[in-house]
2 protein chains.
Amino acid sequence: MADDIQELAADAEREDSYTLDRKALAQIMFAVDTEDREGLIALMDPLHQADIADLLEQINAFDRMRLIKLYDKEFDGEILSELDETIREEVIGILHPEVLADAVRELDSDDVVDLLEDLDDPQKEAILEVLEDSDRAAVQQSLTYPEFSAGRLMQREVVMAPEYWNVGEAIDYLRNTDHLPEQFYHIVLVDPKLRPVGNVTLGKLMSSRREVLLKSIAEETFHSIPVTRPEADVAYAFNQYHLISAPVVDENERLVGVITIDDAMAVLDEENEEDILRLAGVDGESSLSDRVFDTTKRRFPWLAVNLVTAVLASMVIAQFEAAIAQVVALAVLMPIVASMGGNAGTQSLTVAVRALATKDLTGANIWRVIRREALVGLINGLAFAVIMAIVGVVWFGSFALGGVIATAMIINLLVAGLAGIVIPVVLEKVGVDPALASGAFVTTVTDVVGFFAFLGLAVVVLL
Amino acid sequence: MADDIQELAADAEREDSYTLDRKALAQIMFAVDTEDREGLIALMDPLHQADIADLLEQINAFDRMRLIKLYDKEFDGEILSELDETIREEVIGILHPEVLADAVRELDSDDVVDLLEDLDDPQKEAILEVLEDSDRAAVQQSLTYPEFSAGRLMQREVVMAPEYWNVGEAIDYLRNTDHLPEQFYHIVLVDPKLRPVGNVTLGKLMSSRREVLLKSIAEETFHSIPVTRPEADVAYAFNQYHLISAPVVDENERLVGVITIDDAMAVLDEENEEDILRLAGVDGESSLSDRVFDTTKRRFPWLAVNLVTAVLASMVIAQFEAAIAQVVALAVLMPIVASMGGNAGTQSLTVAVRALATKDLTGANIWRVIRREALVGLINGLAFAVIMAIVGVVWFGSFALGGVIATAMIINLLVAGLAGIVIPVVLEKVGVDPALASGAFVTTVTDVVGFFAFLGLAVVVLL
């Protein structure tokens, strides 16, 4: 097994150009061990900041400290942006204050905001202090917007033009401006009150004659985003409408910033990650670099909820102790009914949670989807009823027992299908994240119904 | 409950600007019912094609047919691109051949490829026939690349310039070219053998003096993508390196196309969706618009696998029938141990599957992560052992029973942690998607170990 895993790691590295290969890692750690600063810099130079961040996350804390101390002034601000939050705080603590100041000054305003959000106050103030006055004001302004809102995600550097300009005027303006943002893809057209009214792509600008009005070559699809809109909705809009960048407006519809698709993509990925982890009862913010104790603490609550569920199910079983004492086969078969229900329920609820997240489950189709889930549960219930009846009869030689488990299976899979769709929908309505809480409720229902239907029917039929 | 759901739907619509509101939907269906073509067109006009596609997915098949027939010539090719595969085939069957031909001719080559991939041969050929010769050749060429590869994802329209050009030459070229792609963000610099050597953003181009060499203002981060690279890796690279567009190269490193971030974002979202659904035992390609029978068929295999798992666990229980007949409390408590193990295992395996997908789990940290999962399992095992010992003693008044369930809990949570990390890693190594198969294996392990440890210890200690 150990060899298998070692080999896997080697395989993955050979095939995959996006993972840091084992040899490069060994060379880097050798440079650290021998305190060969020149060598380390030469080895790190070809790496993208995102890959350096991954590297720092994957080595242990002691190696991380030695590497950063040796790398020293070469440490780039982008590496900080790319780092996982838990590691980031640690790394900021290690960096020499001057190196940290230089690193932070290189960053765009949205990246500095992202950096500051998760730091404690002394670290936050230390970083704000090293910013230039104008940058500090921009960052502090952004921090006044709610967490996880468009205001935190946007960058404040915007390229705009009056809506009545023509192509020639826009080109001359761009060619004579000193401080254009590093990355921009559109010119935002604004009215005299600075309200965005359209987007012109640079490509369209380049290929149009000078006298053409900007208005006439504006993009067909144009969305402006309120500054308080949740970032998850922003990511949804980018993905749904294939936006590349979108202007952000304040409560008076005035342009205050712009969000670009690369940030929206990162948010979409994080939201999906959160759903994946929450559905499995893992805190959405967890990461591989968390310490053992933090991980244990983060996983405990879900297990505690599950314990309550399991004890509830056990209490149902306890009501039938007399029956089990008479027919021990009941104890052997009962977990099958509960387990099948749990799995069928998880299937439904996962589809429902995902459809709620992608806004595919709406008032227009909710009743049809509920009917569908019930039918799917019923049909699969019938199929597995037949299979289990056969298993029951063959194994224990009792037609009555076969009939009992078959009936219980149908009931539990039907209930599982219904619970799997209705519970997440109701949770969403009462403002609880369905990804977080549906699992516990659905399992409780399928366990309780599974044991009760099977053991209850057994009492009626067999005793 | 029914009211709650109705209300939920209404709430969701009020709050959320990205869902089609109930009133608009009612008006649209009223126009369809009254065969008011003018009215329908007026109502649909402000809607984005992606929203029209969502609308078509959410209404039933009969309404869908009537709406499409009435909408007729207004039907836009982009709507087809945005539709779910299952619905898409149905819609193509409804569309008048001429309307279909017009719709398809409007699309970019990558969208036509995406459309054709999932159609059966007669429909495929009907669509290829209506394309212009040059487009057809491009589409057929793309279809020669493997499914889910960069070659299928790229668009063939590329804006390129020789690497030795300066800014002025590039600007003049762009301003004098008739057929620039609808959306482009970079000029790809190529060497004389047509191999891409760099990207220049249009923004940088606009803000640089005419005599500046393109080479000197090329982007720092530059990745070209082999045409056979799996699309999941392409999406990873875009997200990891914040790419906006990237050139695609053939086996001779020659430029053959370009992939833009909006397509990469869609792939990333689909990959995540697939993982979410597979982890829950649902076919990754499933959608809400699948028919009842298809859905039932897609969910059956996972339930069948789970049945095997459950029967295996029951066989373990069957070995201890005599013990259960003597101490019925064992039957009451045994599902708790198995259930806690199953949940703890699911937590570990989900974190592992996600970390494998994001390439955060590598040779550099695999042993540390395994040790961590084992420790987390052990510590939570100890915590729940104490809780369950108390429950056992209070409920059944037996210190021995409390001790047995506590010990079984520690064993099963430790095993769950280990199985949750080792099983997905090994599956990935042998080329099986860990998201798809880990769940069944881990649950089998935790069920079998849970029942065996608890009942086995009970026999030794209690009888």
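As a basis for the values below, the full set of heavy atoms in this structure was taken, side chains included, without hydrogen atoms, waters or symmetry mates. All values derive from a computational prediction rather than experimental measurement. Every chain is numbered from 1, with letters handed out A, B, ... down the list of sequences.
Contact count against chain A (heavy-atom pairs under 4.5 Å) is highest for B:Glu82 among B:Gln49, B:Glu57, B:Glu82. For the options B:Asp269, B:Val159, B:Asp447, B:Thr350, heavy-atom pairs under 4.5 Å to chain A are most numerous at B:Asp269. The candidate with the highest count of non-hydrogen atom pairs below 4.5 Å against chain A, out of B:Phe238, B:Tyr185, B:Phe320, B:Phe451, is B:Tyr185. For the set B:Asn306, B:Ile379, B:Ile387, the count of heavy-atom pairs under 4.5 angstrom toward chain A peaks at B:Asn306. Ranked by heavy-atom pairs under 4.5 Å with chain B, the list A:Ile261, A:Asp84, A:Asp263, A:Leu268 is led by A:Ile261. Most heavy-atom pairs under 4.5 Å with chain A, from the set B:His242, B:Arg299, B:Glu220: that is B:Arg299. Of the residues considered (A:Ser208, A:Ala383, A:Ala313), A:Ser208 shows the highest number of contacts with chain B, using heavy-atom pairs under 4.5 Å. No other option in A:Leu303, A:Asp262, A:Val292 has as many heavy-atom pairs under 4.5 Å with chain B as A:Leu303. Options A:Gln183, A:Gln326, A:His48 differ in how many heavy-atom pairs under 4.5 Å they form with chain B, and the most are formed by A:His48. In terms of non-hydrogen atom pairs under 4.5 Å with chain B, the most contact-rich of A:Asn239, A:Leu375, A:Leu180 is A:Asn239. In terms of heavy-atom pairs under 4.5 Å with chain A, the best-connected choice from B:Ala355, B:Ala331, B:Gly342 is B:Ala331. In terms of heavy-atom pairs under 4.5 Å with chain B, the best-connected choice from A:Val282, A:Leu205, A:Ile276 is A:Ile276.
Within the 4.5 angstrom heavy-atom criterion, no atom of A:Leu330 approaches chain B. Contacts between A:Thr201 and chain B at a heavy-atom distance below 4.5 Å involve the side chain alone, from C-beta outward. Contact annotation for A:Thr221: only side-chain heavy atoms (C-beta onward) come within less than 4.5 Å of a heavy atom of chain B. Residue contact with chain B, scored on non-hydrogen atoms closer than 4.5 Å, is absent for A:Ala352. Contact annotation for A:Val311: both backbone and side-chain heavy atoms come within less than 4.5 Å of a heavy atom of chain B. For A:Glu373, the part lying near chain B is the side chain, with the backbone staying farther off; criterion is any non-hydrogen pair under 4.5 Å. Neither the backbone nor the side chain of A:Arg298 has a heavy atom closer than 4.5 Å to any heavy atom of chain B. A:Ala304 touches chain B through backbone and side chain together, each having a heavy atom under 4.5 Å away. For A:Met315, the parts lying near chain B are the backbone and the side chain together; criterion is any non-hydrogen pair under 4.5 Å. If you measure heavy-atom distances from B:Asp178 to chain A, you find no contacts under 4.5 Å at all. Only the side chain of A:Ile244 comes within less than 4.5 Å of a heavy atom in chain B; its backbone stays farther off. Of the two parts of A:Val351, the backbone and the side chain both hold a non-hydrogen atom closer than 4.5 Å to a non-hydrogen atom of chain B. Contact annotation for A:Arg354: only side-chain heavy atoms (C-beta onward) come within less than 4.5 Å of a heavy atom of chain B. Heavy atoms of A:Arg371 lying under 4.5 Å from chain B are absent altogether. In this structure, the portions of A:Ala266 lying under 4.5 Å from any heavy atom of chain B include both its backbone and its side chain.
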A:Asp51 vs B:Gln240, side-chain hydrogen bond (donor to acceptor under 3.5 Å, both in side chains): CA-CA, chis, key distance, verdict: CA-CA 8 Å; A:Asp51 291 331; B:Gln240 172 84 345; 2.9 Å; yes

Check against side-chain contact (heavy atoms from CB on, under 4.5 Å), B:Asp54 and A:Lys359: CA-CA 9 Å; B:Asp54 283 350; A:Lys359 302 183 202 296; over 6 Å; no

Test log, rule side-chain contact (heavy atoms from CB on, under 4.5 Å), inputs B:Met388 and B:Val337: CA-CA 9 Å; B:Met388 272 317 295; B:Val337 179; over 6 Å; no

A:Leu174 vs A:Leu202, side-chain contact (heavy atoms from CB on, under 4.5 Å): CA-CA, chis, key distance, verdict: CA-CA 10 Å; A:Leu174 290 179; A:Leu202 294 183; 4.2 Å; yes

Residues A:Leu288, B:Arg368; criterion side-chain contact (heavy atoms from CB on, under 4.5 Å); working and verdict: CA-CA 10 Å; A:Leu288 272 196; B:Arg368 206 142 29 85; over 6 Å; no

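No donor-acceptor pair closer than 3.5 Å links the side chain of B:Asn343 to the backbone N or O of B:Met340. Using a distance-only test at 3.5 Å, with no hydrogens or angles considered, no donor-acceptor pair links the side chain of B:Arg175 to the main chain of A:Ser207. Checked by atom type and distance alone, the side chain of A:Gln58 never pairs as donor or acceptor with a backbone atom of B:Asn365 at under 3.5 Å.
With contacts defined as side-chain heavy-atom distances shorter than 4.5 Å, the pair B:Pro335/A:Ile317 qualifies. Side-chain contact between A:Glu271 and B:Asn272: absent, with no pair of heavy atoms (C-beta onward) separated by less than 4.5 Å. B:Val332 is not listed as a side-chain neighbour of A:Ile324, based on a closest heavy-atom distance of 4.5 Å or more.
A:Phe300 pairs by the ring pair (Phe, Tyr, Trp, His ring centres under 6.0 Å) definition with B:Phe384, not counting sequence neighbours. Here A:Asp360 pairs with A:Thr358 under the side-chain hydrogen bond (donor to acceptor under 3.5 Å, both in side chains) rule; sequence neighbours left out.
Pairing each heavy atom of B:Gly417 with each of B:Ser348, the nearest pair is CA-OG, 3.5 Å.
The number of heavy-atom neighbours closer than 6.0 Å to CZ of A:Arg291, taken from other residues, nucleotides and ligands shown, is 12 or below.
Taking a cutoff of 4.0 Å between a charged side-chain nitrogen and a carboxylate oxygen, A:Lys297 and A:Asp290 do not qualify as a salt bridge.
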